[in-house]
A.B. asks: 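Input: one structure, supplied below.
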Amino acid sequence: MECCYTPTANQSFSSFKFLDCESFSSTGLSRSRLSSPRLSNPFLKVNDRINPISHQHNIYYSRTYKKTIYAESRNQGWDFGRFVKTLYFFNGPPSPIKIFESVIASFSSPSASEAEKSMDVSGIILVAGATGGVGRRVVDVLRKKGLPVRVLVRNKEKAEKMLGPDIDLVVGDITKASTLLPDYFKGVKKVINAVSVIVGPKEGDTPDRAKYSQGIKFFEPEIKGDSPEMVEYIGMQNLIKALKDNVGLRSGKLVFGFEDGSSRVLPWGALDDVVMGGVSESSFLIVPNGSETGGSTGLFKGIVSTANNGGFTSIRTKNFDVAENLCGYDGLELRVKGDGRRYKLIVRTSRDWDTVGYTIGFDTVKDQWQSIQLAFSSLKPVFRAKTVVDAQAFDPSQIISLQLMFSKFEYDGKLNPTFVEGPFELPVSSIRAYIADPITPRLVHVGSAGVTRPERPGLDLSKQPPAVRLNKELGSILTFKLKGEDLIRESGIPYTIVRPCALTEEPAGADLIFDQGDNITGKISREEVARICVAALESPYACDKTFEVKCVIPFSEQYTVDPENPPPEKDYDVYFKSLKDGITGKEMLERTPVSV
């Protein structure tokens with residue numbers, strides 16, 4: 001549960017300005033009116049529990065206007081007290097010096113065209129284990145496709161020598177959680193994990209690891225370095241924890257609201273046209289039995305008037321103590337009961353008060369509960385009701401505040417076609433981040449065929465690969481690989497688990513067999529596995545699937561490719577489409593048949 005925002009001791013008004021909600025050019029207000037200090041009414045103050053006292057803030061009619069509002073040409077008394085409350089709620093106790101500085105700044109603030117730009121760093125693919133046999137080939141495939149790639153490695157010098165000095169590189173060890181720094185995952189949206197416990201010949205190997213390249217079948221193996229438990233299980237725990245916020249969950253992330261027994265309340269306050277001399281007034285409260293299921297819901301409610309050249313109401317959260325990181329998601333989904341009006345959602349990524357708001361309008365259907373998905377890619381950078389054409393790219397990892405608005409104005413001089421003066425209500429039961437359909441894998445993991453076989457009843461181990469026969473001697477390597485897989489499947493992250501059979505140094509291109517249930521044996525090229533991993537990232541058919549893969553060439557034959565006549569690139573979706581949900585091979589361990 002999230003706690004109420006608490007202003008820090010050093011909070012000041014240095015960034016406070018007076019043109020937050022709507023453009024003065026749209027209202028015709030004079031600068032003398034706009035330069036008046038403005039502040040909001042704290043309609044909802046919450047902590048980690050819903051505070052019943054919040055229901056006492058249900059105030060819709062001030063002494064300023066108790067009668068029906070007829071026209072904007074009628075001047076009405078301005079509620080200076082509510083104006084001061086607004087300023088106090090969002091910015092703390094007013095300082096005359098800071099207010100004066102803000103007034104001066106409001107006249108000299110940069111134009112929209114001067115907004116600072118920054119590069120969009122989202123969409124990076126992180127490769128963990130990038131110096132291994134499969135990992136380095138994954139990096140090569142990604143680079144050839146022109147995709148942004150970052151590598152997570154333990155040895156910087158080795159990685160730069162192998163992958164080049166220009167590689168985007170971070171140094172960390174998945175067996176040590178403290179080395180997986182948050183900045184390593186900034187901008188990362190997808191991950192290919194090729195980290196694996198190291199198995200090598202007991203008698204040692206050549207400098208170029210010739211014995212290792214032949215495969216475990218051809219030497220007496222032992223674990224080199226960290227144990228299978230540390231790499232395959234603890235390491236997977238650490239990796240999932242480190243990347244979870246960045247790659248997103250299939251079920252989404254609750255930002256505000258009440259659903260399925262969970263809740264998250266934010267500190268909303270009213271921010272109405274009183275800041276510009278208007279008389280519209282709104283509030284936000286929690287209605288205990290107001291949702292479509294009889295549970296709690298938020299309620300944005302008020303009266304809007306165009307008197308005194310006003311015409312908007314809104315609710316805005318205080319700045320979050322810690323920026324909300326939603327970079328693993330594609331947008332925000334609102335669950336609302338519509339009233340037939342058009343509203344705005346405004347998302348801010350700056351702690352400054354008068355700054356660009358990333359804005360999108362949405363229509364509602366009267367008297368119907370509806371889910372409205374608002375894609376981050378559709379947000380428009382808006383400053384003082386004008387689109388900022390050269391604004392910095394929206395950064396979903398740095399969300400500082402949210403705002404809901406009902407206004408006469410859209411932006412760029414357009415008007416809201418559904419605007420009507422008078423009372424309005426918009427129940428909002430939840431705001432959650434979502435991953436857009438079709439969902440594709442966010443984590444592709446390279447595992448191993450055979451992980452369910454060591455404990456499988458009735459299995460003739462003499463006919464199984466060495467890793468199955470020697471599982472206990474090798475530190476229960478396959479047992480911990482399976483435990484690591486289970487962590488992925490339970491994480492909620494959209495995933496693909498690729499279980500290759502024995503890996504070889506042969507080229508890619510041979511015909512393949514995809515299977516499920518952990519039954520097949522054979523061999524497959526490391527290059528082919530790398531291509532499969534990269535293809536899986538973009539395929540909804542590979543999402544949440546676990547499968548084994550081998551080529552059709554037997555161990556007794558060497559597969560080669562004519563460089564002058566290479567085989568055509570495969571459409572891996574043909575294979576992915578054949579895969580079924582829920583088949584891992586564990587069904588045999590549990591003696592529970594799975595319907596396919």
A.B. asks: Yes or no on side-chain hydrogen bond (donor to acceptor under 3.5 Å, both in side chains) for Ser196 and Lys481, after CA distance, side-chain angles and deciding distance?
C.D. replies: CA-CA 9 Å; Ser196 178; Lys481 281 181 178 288; 3.2 Å; yes
A.B. asks: Where do Asp518 and Thr584 land on the side-chain hydrogen bond (donor to acceptor under 3.5 Å, both in side chains) test, with the steps shown first?
C.D. replies: CA-CA 7 Å; Asp518 195 18; Thr584 66; over 6 Å; no
A.B. asks: Measure the CD1-CD1 distance between Ile488 and Ile240 for me, rounded to the nearest 0.5 Å.
C.D. replies: 5.5 Å
A.B. asks: Which label fits Phe376 and Phe394: parallel for a plane angle under 30°, tilted from 30 to 60°, or perpendicular past 60°?
C.D. replies: tilted
A.B. asks: Have Lys190 and Thr440 got a donor and an acceptor in their side chains that come within less than 3.5 Å?
C.D. replies: yes
A.B. asks: Using a strict 4.0 Å threshold on nitrogen-to-oxygen distance, state whether Arg469 and Asp460 make a salt bridge.
C.D. replies: no
A.B. asks: How about Ser371 and Arg335: does a side-chain donor come under 3.5 Å of a side-chain acceptor?
C.D. replies: yes
A.B. asks: Determine whether the side chains of Tyr233 and Glu485 contain a donor N or O and an acceptor N or O closer than 3.5 Å.
C.D. replies: no
A.B. asks: Report yes or no: do Asp260 and Ser262 form a side-chain donor-acceptor pair below 3.5 Å?
C.D. replies: no
A.B. asks: Between the side chains of Arg143 and Asp166, is the shortest nitrogen-to-carboxylate-oxygen separation below 4.0 Å, so that they form an ion pair?
C.D. replies: yes
A.B. asks: Tell me, do Val188 and Leu243 make a side-chain contact under 4.5 Å, heavy atoms counted?
C.D. replies: no
A.B. asks: Between Asp573 and Ser539, does a side-chain hydrogen bond (donor to acceptor under 3.5 Å, both in side chains) hold up when you go through it step by step?
C.D. replies: CA-CA 7 Å; Asp573 264 353; Ser539 177; 2.5 Å; yes
A.B. asks: Students often mix this up, so state it plainly: with edges at 30° and 60°, are the rings of Tyr575 and Tyr572 parallel, tilted or perpendicular?
C.D. replies: tilted
A.B. asks: Are side-chain N/O atoms of Asn155 and Thr131 paired as donor and acceptor at under 3.5 Å?
C.D. replies: no
A.B. asks: Assess whether a salt bridge exists between Arg526 and Glu505, defined as any Lys/Arg side-chain N lying under 4.0 Å from an Asp/Glu carboxylate O.
C.D. replies: yes
A.B. asks: Using a strict threshold of under 4.0 Å (side-chain N to carboxylate O), is an ion pair present between Lys161 and Glu157?
C.D. replies: no
A.B. asks: Strictly by modelled atom types, are Thr546 and Arg489 linked by a side-chain donor-acceptor pair under 3.5 Å?
C.D. replies: yes
A.B. asks: Closer than 4.0 angstrom, basic N to acidic O: yes or no for Glu324 and Arg432?
C.D. replies: no
A.B. asks: Using ring centroids (six-membered ring only for Trp), state whether Tyr329 and Tyr434 fall under 6.0 Å.
C.D. replies: no
A.B. asks: Is a donor from one side chain sitting under 3.5 angstrom from an acceptor on the other, for Asp395 and Thr349?
C.D. replies: no
A.B. asks: Charged N to carboxylate O below 4.0 Å: is that the case for Glu222 and Lys224?
C.D. replies: yes
